[in-house]
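Side chains included, hydrogens not; waters and symmetry mates left out as well; all remaining heavy atoms used.
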Amino acid sequence: MSFLGRGSGASPGGVNMERIEMAVTELDTVTDFFNRMVSSCHNKCISSRYAEPDLNKGESVCIDRCVAKFNEVQKKVGEKLQSRGAANAGGAAGSFGSL
């Protein structure tokens with residue numbers, strides 16, 4: 001089965017538009033994350049006055065740590081949002097059950 005899928009929700013051409021929209025949204029999210037990470041770590045770790053063509057040892061270490069921290073925070077935020085979403089979905093389902 002292809003990522004774009006064939007089946008329910010597919011247009012006459014055989015492409016699932018819902019999956020394309022999800023893929024575009026995911027790509028936009030990943031691109032935004034990458035751009036924010038690059039901007040943040042560049043501003044924090046690299047001097048605005050370029051004296052050498054390559055990163056020096058201190059800049060390289062700073063970039064490595066910055067990227068690792070950025071990814072760790074992103075992961076924790078994602079997990080927290082998923083747990084809240086699951087709790088909200090579970091709470092909503094439970095409240096409807098008592099009607």
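A distance of 4.5 Å separates CD1 of Ile63 from SG of Cys45, quoted to the nearest 0.5 Å. If you take OG1 on Thr31 and CG on Leu27, they are separated by 4.0 Å, rounding to the nearest 0.5 Å. Once rounded to the nearest 0.5 Å, the distance linking NZ of Lys76 with CG of Asn71 reads 12.5 Å. Between the CG atom in Leu81 and the CG atom in Asn88 there is a gap of 10.5 Å [rounded to 0.5 Å].
Residues Val24 and Val15 fall within the same hydrophobic cluster, defined by Ile, Leu, Val, Met, Phe, Trp and Tyr side chains chained together at heavy-atom separations under 4.5 Å. Hydrophobic clustering (ILVMFWY, side-chain heavy atoms < 4.5 Å, transitive): Leu55 and Val61 are in distinct clusters.
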Does the pair Glu79 and Gln74 meet the rule for a side chain to side chain contact (heavy atoms under 4.5 Å, CB included), with working shown?
CA-CA 9 Å; Glu79 290 171 353; Gln74 184 74 13; over 6 Å; no

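In this structure, the side chain of Glu59 engages the main chain of Asn56 through a donor-acceptor pair within 3.5 Å. In this structure a side-chain-to-backbone donor-acceptor pair under 3.5 Å is present from Asn43 to Ser39. Here the side chain of Ser40 pairs no donor or acceptor atom with the backbone of Arg36 at under 3.5 angstrom.
Other residues, nucleotides and ligands contribute more than 12 heavy atoms inside 6.0 Å of the CZ atom of Phe33. Taking a 6.0 Å sphere around CZ of Arg65, one finds it holds 12 or fewer heavy atoms contributed by other residues, nucleotides or ligands.
The sulfur atoms (SG) of Cys62 and Cys41 lie 2.5 Å or more from each other.
Nearest heavy-atom pair, Val67 versus Met37, reported as atom, atom and distance to 0.1 Å: CG1-SD, 3.7 Å.
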